[in-house]
Amino acid sequence: MRLATWNVNSLRARLERVEEWLVEVQPDVVCLQETKLADDAFPALAFQSLGYESAHFGQGQWNGVAILSKVGLTDVVANFAPGIDPDPDARVITATCGEVRVVCCYVPNGRALADPHYDYKLSWLDRLHQHLGLVSAPGDALVVTGDFNIAPTDADVYDPRKFAGATHVSEPERQRLAALIDWGLVDLFRLQHPDSERVYSWWDYRAGDFHQGRGLRIDLVLGTSAVADRLEWSVVDRNARKGKSPSDHAPVIVDLL
DNA sequence: ATGGTAGAGCATCTA
């Protein structure tokens, strides 16, 4: 089973590119973030014609997450599971695809450590942690994937000195990510490539950062051991970040046996 | 040290 995550930064602006990519890469399950669409504008028919069932949780202008699947799509939960303080934003959707529970998330950016949005980011991560216990369990086949807006370690940052005091690398958010790992998840890209350096999934549009190799690895695919045991390959698809009007993120792909 | 780009929607906000 081939599973991918991609922050498309507006599905309206990126649909043609996403369609071409689906045909080329042939993933079985795709998690999309930042669709920036309301549910009634989501192009479910375009994906259906390519063989995908889909579920979308959107709000319009900002955010918006979706799961596409060729291997079944059931037990959809939009937003955090009942019992958790609901998120006003459309940032998480959960479904079961081919016997794997899949959580697709768009973690808040945080903006700056002193910004209230950063506290929202930390509380959001705490609620994601609770969510996992309600929709799955560490002994199950579970994938938690998406744009985490956290670089797990300094090896995932092109120049850690430039990020001193910034979001994406701060200790409190890394601790929240570590708590998810401790709960029973593995960073599948890092499992496959423990020593790879300068592999990123996001580059700022500005100042030619992509072409200069100035990026962060913030798009993650986390899996329980039942999933990690099936890991065959993992890669960042940098080709999808090239050419005319790309997203600022590249897809991350994992192949499971 | 600052600002550089892109997408939302039409003045800025978000990233």
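The figures here come from the full heavy-atom set of this structure, side chains too, leaving out hydrogens, waters and symmetry mates.
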Enquirer: How long is the line joining CH2 of Trp203(A) and P of dA6(B), in whole Å?
Expert: 16 Å
Enquirer: Rounded to whole Å, how long is the line connecting atom CD of Gln212(A) with atom P of dT5(B)?
Expert: 14 Å
Enquirer: Quickly work out the Lys162(A) NZ to dG4(B) P distance and round it to whole Å.
Expert: 17 Å
Enquirer: Work out how far the P atom of dA6(B) is from that of dT2(B), and round it to whole angstrom.
Expert: 23 Å
Enquirer: Rounded to whole angstroms, how far apart are CG on Asn7(A) and P on dG7(B)?
Expert: 12 Å
Enquirer: Tell me, for nucleotides 8-15 of chain B in 5' to 3' order, what letter each nucleotide earns: B for a base near a protein heavy atom under 4.0 Å, S for only sugar-phosphate near one, - for neither?
Expert: SS----SB
Enquirer: What integer number of Å spans the P atoms of dG7(B) and dG3(B)?
Expert: 22 Å
Enquirer: List, one per line, each side-chain donor-acceptor pair under 3.5 Å for residues 90-98 of chain A, sequence neighbours excluded.
Expert:
from     : atom 1 : to        : atom 2 : distance (Å)
Arg91(A) : NE     : Asp89(A)  : OD2    : 3.1
Arg91(A) : NE     : Tyr120(A) : OH     : 3.1
Arg91(A) : NH1    : Tyr106(A) : O      : 3.2
Arg91(A) : NH2    : Asn63(A)  : OD1    : 3.3
Arg91(A) : NH2    : Asp89(A)  : OD2    : 3.2
Thr94(A) : OG1    : His131(A) : NE2    : 2.8
Thr96(A) : OG1    : Arg101(A) : NH1    : 2.8

Enquirer: Applying salt bridge (Lys or Arg N to Asp or Glu O under 4.0 Å), can you list everything that pairs with Asp159(A), at least two apart in sequence or on another chain?
Expert: Arg161(A), Lys162(A)
Enquirer: Please work out if Arg14(A) contacts a base, only the sugar-phosphate, or nothing of the nucleic acid, heavy-atom cut-off 4.0 Å.
Expert: sugar-phosphate
Enquirer: Determine the Euclidean distance between corresponding P atoms of dA15(B) and dG9(B); express it in Å to zero decimal places.
Expert: 15 Å
Enquirer: Hey, what else clusters with Leu122(A) if you join Ile, Leu, Val, Met, Phe, Trp, Tyr whenever side-chain heavy atoms sit under 4.5 Å?
Expert: Leu113(A), Tyr118(A)
Enquirer: Decide yes or no for Asp147(A) and Ile218(A): does some side-chain heavy atom of the first lie under 4.5 Å from some side-chain heavy atom of the second?
Expert: yes
Enquirer: What residue pairs, at least two apart or across chains, pass ring pair (Phe, Tyr, Trp, His ring centres under 6.0 Å) with a residue in residues 223-247 of chain A?
Expert: His193(A)-Trp233(A)
Enquirer: What is the distance, rounded to the nearest whole Å, between atom CZ of Arg214(A) and atom C1' of dG3(B)?
Expert: 12 Å
Enquirer: Mind checking what makes ring-ring contact (aromatic ring centres under 6.0 Å, His included) contact with Phe210(A), not counting sequence neighbours?
Expert: Trp203(A)
